Amino acid sequence: MTTENDAEVIVVGAGPGGSATAYHLAQHGVRVLLLEKTEFPREKVCGDGLTPRAVRQLLRMGVDTSVEAGWVRNRGLRVVGGGLRLELDWPDLASFPNYGLVRPRLDFDELLARRAVAAGAELRTAVEVTAPIFDRAGRVVGVEAAVGPEQEPATFRAPLVVAADGVSGRFPLALGLAKRDDRPLGVAVRRYYRCPAKHDDNYLESWLELRRKGSDALLPGYGWIFGLGDGRVNVGLGVLNSSSAFGKTNYRRLLTDWLANTPEEWGIADEANAEGSILGAALPMGFNRVPHYARGTLLVGDSGGMVNPFNGEGIAYAMESGELAAEVAVQALARPAGVERERALMAYPAELKARFGGYYRLGGIFVKLIGRPEIMRAATKYGLPHPMLMRFVLKLLANLTDPRDGDAMDRVINAMTKAAPAV
């Protein structure tokens with residue numbers, strides 16, 4: 001007998017990856033339960049900036065990305081370093097739109113969850129998944145949860161579960177899927193500031209060199225300033241585990257030390273212009289949790305360590321892996337349970353590896369290289385003055401190429417990712 005807590009697929013977590021999964025499943029007529037432990041709206045630690053790769057996924061979900069719908073568009077990336085400021089427009093490609101977006105996660109995640117609901121998914125908020133339910137063969141067939149403010153126990157059942165529960169990955173951990181220490185990891189902190197001077201900037205701004213006021217010594221990490229279009233900016237920095245400062249630094253102090261060295265007229269060095277506290281989060285990169293399918297559970301987004309090692313972008317890959325997980329699940333559910341269904345489900349990790357494995361391998365090498373200050377200084381000094389080279393770097397870092405009929409840069413990058421052994 002089917003109950004209201006039964007579904008064909010349960011998605012754990014209504015972040016971008018979970019909502020994208022639920023949307024695409026519902027579009028195919030699958031009965032899907034989307035379980036979110038918090039209530040909307042809720043805040044998330046993020047830069048709030050979206051590259052064209054993420055914009056493409058929003059368009060595939062039918063999201064209106066117009067300015068009138070509350071989005072702030074940007075035309076590319078401004079790179080600051082080595083005494084230079086270089087503005088690079090997003091590439092003009094057949095495969096991706098030529099603009100990026102900015103939107104605070106405070107309402108971004110809810111917007112995507114509502115798109116999933118509009119497509120037919122059932123969203124349940126204030127449902128904290130606490131454990132998987134296993135059948136006699138050790139396969140996941142549902143979840144245990146605590147519901148509402150009273151944390152009342154509840155059981156939800158489905159033949160397939162998608163873990164989209166973010167960097168903590170509590171659900172895959174319950175399956176024995178721990179993070180891999182040999183893969184890149186980052187830490188990021190961010191804060192909002194009132195900043196009329198830069199709030200409507202039409203470039204995402206990335207700082208490759210951070211310094212304290214009155215000092216020429218480089219601080220660890222890279223910084224960003226993204227205009228929100230409402231009088232505020234999102235300001236933050238990230239440090240990678242290839243840096244000697246990783247895990248040994250007060251990242252919040254690091255942020256305020258860097259901001260004290262920004263132009264006074266911006267106002268972001270002034271504590272009086274800050275909104276909220278400095279918040280931090282880990283960035284799980286380069287497939288740092290595998291396998292991405294095990295015992296009836298597919299891992300999506302940060303839960304599977306899918307953040308891009310080159311640029312720290314996670315939303316695009318969460319949404320893209322969610323769409324792929326939905327496509328594979330639809331095919332699997334059309335087959336009888338057992339060997340045939342498992343064969344279909346194994347297509348998910350295989351396709352993820354084919355799409356991103358070589359690229360993430362290159363990203364791991366990149367992370368190790370830029371963790372050495374002398375290499376970073378040389379790259380900034382000799383690379384930034386050459387716009388053609390930097391346009392190539394932008395395509396590589398943002399993973400924006402046409403797979404077919406692209407230009408010479410596209411062909412070189414595509415060949416590099418195919419030649420690299422997949423992680």
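A quick note: this is a predicted structure, and the numbers were derived from the prediction, not measured. All values below come from the heavy atoms of this structure, side chains included, with hydrogens, waters and symmetry mates left out.
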Quick check on [X]: does its [atom1] atom have over 12 non-hydrogen neighbours (other residues, nucleotides or ligands) under 6.0 Å away?
X	atom1	result
R157	CZ	no
D405	CG	no
R253	CZ	no
K198	NZ	yes
D181	CG	no
R335	CZ	yes

Please tell me if the side chains of [X] and [Y] come closer than 4.5 Å, counting only heavy atoms from C-beta onward.
X	Y	value
Y99	V55	yes
T21	E323	no
T380	R377	no
T297	F171	yes
K418	M416	no
L123	F40	yes
M319	R56	no

Nearest heavy-atom neighbours spanning [X] and [Y]:
X	Y	value
S19	A116	O-CB, 3.7 Å
A420	G358	CB-O, 3.5 Å
R60	H24	O-CE1, 3.8 Å
W266	C195	O-SG, 3.2 Å
D257	R212	OD2-NE, 2.9 Å
R183	F287	NH1-O, 2.8 Å

Indicate whether the side chain of [X] and that of [Y] have a donor and an acceptor atom separated by less than 3.5 Å.
X	Y	answer
Y317	N399	yes
W207	E209	no
R75	Y203	yes
E342	Y293	yes
N234	Y193	no
E36	T38	yes

Roughly how far apart are [X] [atom1] and [Y] [atom2], rounded to 0.5 Å?
X	Y	atom1	atom2	answer
M376	S242	CE	OG	10.0 Å
D302	M285	CG	CE	10.0 Å
N311	L204	CG	CG	10.5 Å
S66	W71	OG	CH2	10.0 Å
I225	I268	CD1	CD1	4.0 Å
L208	L86	CG	CG	10.0 Å

#### Entry: Member of D410, T417, N414, D407 meeting the side chain to side chain donor-acceptor pair (under 3.5 Å) criterion with T401
N414
### Task
Check each of N98, N74, T51 against W90 using the side chain to side chain donor-acceptor pair (under 3.5 Å) test, and report the only one that passes.
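Option passing the side chain to side chain donor-acceptor pair (under 3.5 Å) with W90: N74.
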Is a donor on one side and an acceptor on the other found under 3.5 Å between the side chain of [X] and the backbone of [Y]?
X	Y	result
D165	V12	no
R361	P421	yes
E144	A131	no
T262	L259	yes
R211	N261	no
S303	L299	no
Y348	A344	no
H292	L352	no
S243	A245	yes
R139	P159	yes

### Query
Can you name the one residue among N241, V367, L283 that meets side chain to side chain contact (heavy atoms under 4.5 Å, CB included) with L185?
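Single side chain to side chain contact (heavy atoms under 4.5 Å, CB included) partner of L185 among N241, V367, L283: N241.
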#### Entry: Ring geometry between F356 and Y360 (parallel below 30°, tilted from 30 to 60°, perpendicular above 60°)
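Taking F356 first and then Y360, their aromatic rings lie parallel (interplane angle under 30°).
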### Task
Assign the ring pair F310 / Y359 to parallel, tilted or perpendicular, where the plane angle (0 to 90°) is split at 30° and 60°.
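Ring orientation, 0 to 90° scale: tilted.
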### Message
Under 6.0 Å from the ring centre and within 45 degrees of the ring axis: does the NZ or CZ of R103 meet both conditions for the six-membered ring of F108?
### Response
no
### Message
Quick check with a 6.0 Å cut-off and a 45 degree axis cone: is R232 positioned over the face of Y192's six-membered ring?
### Response
yes
With a 4.0 Å cut-off on N to O distance, would you call [X] and [Y] a salt bridge?
X	Y	value
R78	E87	yes
E122	R124	yes
D109	R105	yes
R191	E275	no
E110	R115	no

### Task
Go through the steps for E43 and R190 under the test salt bridge (charged side-chain N to carboxylate O under 4.0 Å, His left out), then give the verdict.
CA-CA 12 Å; E43 196 171 22; R190 71 100 175 98; 3.1 Å; yes
### Task
List the steps, then state whether side chain to side chain contact (heavy atoms under 4.5 Å, CB included) holds for L237 with L254.
CA-CA 9 Å; L237 61 82; L254 188 63; 3.8 Å; yes
### Message
Assess the residue pair I413 and F392 against the criterion (side chain to side chain contact (heavy atoms under 4.5 Å, CB included)); give the C-alpha distance rounded to whole Å, side-chain angles, the decisive distance to 0.1 Å, and a yes or no.
### Response
CA-CA 9 Å; I413 293 171; F392 175 86; 3.5 Å; yes
### Worked check of side chain to side chain contact (heavy atoms under 4.5 Å, CB included) between R289 and M306
CA-CA 9 Å; R289 184 181 276 118; M306 297 184 197; over 6 Å; no
### Query
Yes or no on side chain to side chain contact (heavy atoms under 4.5 Å, CB included) for I315 and C46, after CA distance, side-chain angles and deciding distance?
CA-CA 9 Å; I315 290 175; C46 183; 4.0 Å; yes
